[in-house]
Structures are given as C-alpha cells and as structure tokens.
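Naming: A, B, ... by sequence-line order, numbering from 1 per chain. Keep in mind the model is a prediction, meaning the values are calculated, not measured.
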Number of protein chains: 2
Amino acid sequence: MSVTSASPDVRIAVSTAIFSVRTTDDGDQLMIPLVRRTREPFLGQWALPGGWLGGSEGLEDAAGRTLAETTALAPSWLEQLYTFGDIDRSPDARVVSVVYWALLRSDLVEAQRATAGAPENVEWFPVEALPELAFDHQHIIDYAVWRLRNKAGYSRIAAALLPDEFTLAELRGVYETVLGKRLDPSNFRRLLEGSEALVPTEAFRTGPHRPARLFQYNADIDLAELGPI
Amino acid sequence: MSVTSASPDVRIAVSTAIFSVRTTDDGDQLMIPLVRRTREPFLGQWALPGGWLGGSEGLEDAAGRTLAETTALAPSWLEQLYTFGDIDRSPDARVVSVVYWALLRSDLVEAQRATAGAPENVEWFPVEALPELAFDHQHIIDYAVWRLRNKAGYSRIAAALLPDEFTLAELRGVYETVLGKRLDPSNFRRLLEGSEALVPTEAFRTGPHRPARLFQYNADIDLAELGPI
DNA sequence: GCAAAAGTGTTGATCTTACACCCATGA
DNA sequence: TCATGGGTGTAAGATCAACACTTTTGC
C-alpha cells in the first residue's frame, strides 16, 4: 500500500519565467530575461533564471529570490505555473522544477537598468525570438506565455505591467502586446470603466493631442481571481 | 548569483485528490476517497492518498500509481493541481507535495467496490462532510474542489465522471452535483448539442417515462483545453 | 388517461462588436 | 486649422436565462 521509502536522489529546482513589456525598435514587445549557463550541462546556453530550493525557504520565496538575483526587482505579480518532473529532463541528475511566472513593471525595469546596469550573464529577449534554450525551457516558456495570454483574457492581470498611474491607451497597448491583437479603444474603455478595477485620478497625460486621464488600479479588487488559495 | 548547492533534506511527495459522483441516501454527491494514516505524524487521521516520488517515475506516473493503489482503477482524467511547499507543512520533515486531481467514472467505482470490496484503510467521503484531515490537506481539497467547479463551468470535463454512454439528464445531473446548483434542462440540452462535444447514438434509456437518447463523448474533441502542454 | 421525463419554441435581457462621430489639445 | 488621439453614442448580432408548451413512454 504505502511506498517503501523516500528518494534522496531527486533534487528540487525553482525557476521563474519573468515577463515585462518593453519598448524596442519594433514597437512594444513582450520580453523575458534569460541567464547564460556557466556550467554543464548546456554550458553557455540560455536558460530560465532559477536555482536549487533552499531547505529553509518556501517555494514562492525561492522564486522571489531568483527574481531578485536576476533583476534586482520585486515582481508586481508572482504565481506558480507548473511543476515539471519528467525523468529525462536533465541529462545528469533527476530534477523536479517548480516553475513560477512573474510580471514586472516596465518602468522599474528600465530605471534599474539605467542606474545599476545589466546584471552579469542576463539578457532580455522577445518571446517571439528566443535563442536556443537549455533543458525543456522552451516548452516551459511556451506554456507560460499561453497562461499569461489566457489570464489576460479574463482578468485585469496586465495592469501589473504598468506603473501606478497610466492612461487607458497605455493599458490597452499592454493588452495588445500581450494578446498580440488590436483592441477597439472605445469598447476597451467601456469594459474597464464598467469593471470597478480602475479608479480615475485628477491627473492627465499631455502630448500632441487631447490630454488623457490617468488611472490607478483599484487596490480593493484583486488583479486576478485565484480562488481560495 | 547561483545558489551554492542542492538541499538533500527536502523530500518530494505526490498526492491526488480523486473525485467521483456517487449516489447516496442524500442523492448524488461529489465524493473523494481518503486514506487513514498508519504512522506518525497524524497517526490515525485521514489524508489524501499519496506517497513519495520514486526516483525512476515521472510525476504523473506517481499520481497514477497512487490512484491505482487506492482505487485499483485508472482515472478518466488526471491533471496537476498545484505544488505545496511551505516549510512548516509537515511537523517533522521538509516535504514538497506535488498534488494532482483526478476524475473517476462512477460506474467503475461501484463495480470495483462490488467485486473486490473496499481496499484497506480507504473510505469515500462527501466533500461537504469531510473528517478532520492531516497536514494541510483540507486546504488542498478546498482548492481542488474550486478548480473542478471552475473547470466544469467552461469545459466538458464533467463527462469524465460518466460511463461511455449516458443521457443528457444524467450528464446534467453530474453538472448539478459538481456545481451545486440546478440547471435548466432545455438550455442545457441546447448548449451541449451546439458544442459538438457529444455524438448521439441510436440507443435509448428506458424507464417510467419517455425513452432518452444515449450520447457519447466526441473523441475528436478534448474534454478540456489545456493549451500547449 | 395520467404522471413523468424528453424534447422544442419563443421571448426578453444582456453582452459583444463594429463603427460613426464629436472633443480637446499642440503645432 | 489640421492632425492626433481622447472620449461618447448607437445599432446589429450573438449569447443566455426563463418558461410555456408538445411528445412519448410506463402504469
């Protein structure tokens, strides 16, 4: 009935797929930071940031630590994605990877990059143009992107990619980048204004056009319904 | 940057929340099998079926093994739920639990119970009336129930709880049990008939009323959209 | 015939989508 | 005054919920 004993030869890693929307020459793009591996296996190839689970840290803490090591930033959203445990994921050892996905405010990413410079061995890539990846990380990223797009479709999660205050057009731009399709401005406005998710401020963003009202997230409303967890 | 070394003191368990709809004195109920613990900690208390992850089995294989040990049946649906890894989940050791949830065809459960009898130390409970549970298993079950209800709302997953052939009323009954609310028969019929998910057979179920056509799942359609995974 | 469940039709409410159109600003 | 994006209005279409009604069986 019960299993005989524990298996000391299985190790636990925690990795995180970190998303941010960044402005490039090709317009805004959904991007993800990768780390160049400094040891075998897959030496020199790109991989998701991650590390071994410490004995005295929770899974989410480990993901947060990983994220801080990679970007020196705290995520505006962090959620477990999936746990990958096929026996042949890693050529040497048996590794079970608990993978998280995170959203980072794009303004903070830019600011941090400007002041501290890019961390060693870390580089941001558009999710549409990734290099060859170590392990099963391409598969993992595909799944994370699918989850992000899916969740963006039925929640206000994409607001976590923007600063505290933003215009509706900026928020719509984030959704368009994440979902990869154009949205009708007027319908987008109605949808958001009806949802209680945003609160209007008295500030406006000026530019070569009519000023646009700035909004904030409604802190009373969760960005995503996660259920009882 | 990178973490120093692996942590050999974290063990990996795989548990499964198994659902089936069973007919009781109180009508149909959503039920779940639990196992009485035969060792410390929580000796004598009820817990989710599970065991340690074997060094040469994948996560899903381990969940399937668990399930077979508990019910001697293969699930009609098996999906990863979540991985729980708080440092104080277990009083003694550090345990990370990869939890799956499963659906079992109710007819097979009844048949198996009738022929082989109930396995040792296993008992089915209605999810609405669970005993006191070991570890954080109450929390886990709450989450699994939420996921099942949620998924039932936007997919055809509940069909996995029924035999190959079933009437629309039987399928509706399953949905009503899972979701905990009544559904309009005519609207339910239209919804399902329009969805391509079911194929009508030429067989009918007779009774003290007009015979009802039997349906099968459409094998070409997935019971649930899971994305690229 | 009657009860009970199968199955059909209809209607109004609501949500989605497309798109026309006015408004406010910088240049 | 013109270009640009901000913001409002509206109507067609799709979807959904409620419920009246007809059909087919066993008794």
Novice: Around atom CD of Glu196(A), are there more than 12 heavy atoms of other residues, nucleotides or ligands at under 6.0 Å?
Specialist: no
Novice: Under 4.0 Å, heavy atoms only, any strand: does Thr167(A) hit a base, just the sugar-phosphate, or nothing?
Specialist: nothing
Novice: Assign each of Asn187(B) and Asp184(A) to its nearest nucleotide of DNA chain D by heavy atoms, then name whichever residue's nucleotide is nearer the 5' end.
Specialist: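 Here Asp184(A) is the residue nearer the 5' end.
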Novice: Looking at every non-hydrogen atom in both residues, tell me the closest pair between Leu130(A) and Leu133(A) and how far apart they are.
Specialist: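 The pair with the smallest heavy-atom distance is CD1-CD1, 4.2 Å.
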Novice: Does Gln112(B) offer a backbone N or O that forms a donor-acceptor pair with the side chain of Thr115(B) under 3.5 Å?
Specialist: yes
Novice: Mind listing the residues from residues 196-215 of chain A sitting with a heavy atom below 4.0 Å of DNA chain D? Number order is fine.
Specialist: His209(A), Arg210(A), Pro211(A), Ala212(A), Arg213(A)
Novice: Can you say whether the rings of Phe135(B) and His137(B) are parallel (under 30°), tilted (30 to 60°) or perpendicular (over 60°)?
Specialist: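 Taking His137(B) first and then Phe135(B), their aromatic rings sit tilted (interplane angle of 30° to 60°).
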Novice: State, without any angle test, whether Arg147(A) and Asn150(A) hold a side-chain donor-acceptor pair at a distance under 3.5 Å.
Specialist: no
Novice: Need to verify one output field. Residue with the more 5' nearest nucleotide on DNA chain D, Leu191(B) or Glu193(A)?
Specialist: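 Upstream on the strand: Glu193(A).
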Novice: Through what angle, rounded to 10 degrees, does the axis of the helix from dG1(C)-dC27(D) to dA27(C)-dT1(D) turn between its ends, using five pairs per end?
Specialist: 10°
Novice: Filter on salt bridge (charged side-chain N to carboxylate O under 4.0 Å, His left out), then keep only pairs touching residues 22-31 of chain A, sequence neighbours left out; what's left?
Specialist: Arg22(A)-Glu110(A)
Novice: With a cut-off of 6.0 Å (strictly less than), are more than 12 heavy atoms of other residues, nucleotides or ligands near CD of Glu193(B)?
Specialist: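 More than 12 heavy atoms, drawn from other residues, nucleotides or ligands, come within 6.0 Å of this atom.
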Novice: Provide the closest heavy-atom pair for Leu192(B) versus Arg156(B) in the form atom of the first, atom of the second, distance.
Specialist: CD1-CD, 3.9 Å
Novice: Whole Å only: how far is the CZ atom of Phe166(A) from the P atom of dG5(D)?
Specialist: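 Distance check: Phe166(A) CZ to dG5(D) P gives 20 Å.
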Novice: Classify the side chain of Arg190(A) and the base of dT10(D) as holding, or not holding, a donor-acceptor pair under 3.5 Å.
Specialist: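 By the distance-only test, yes, there is a pair.
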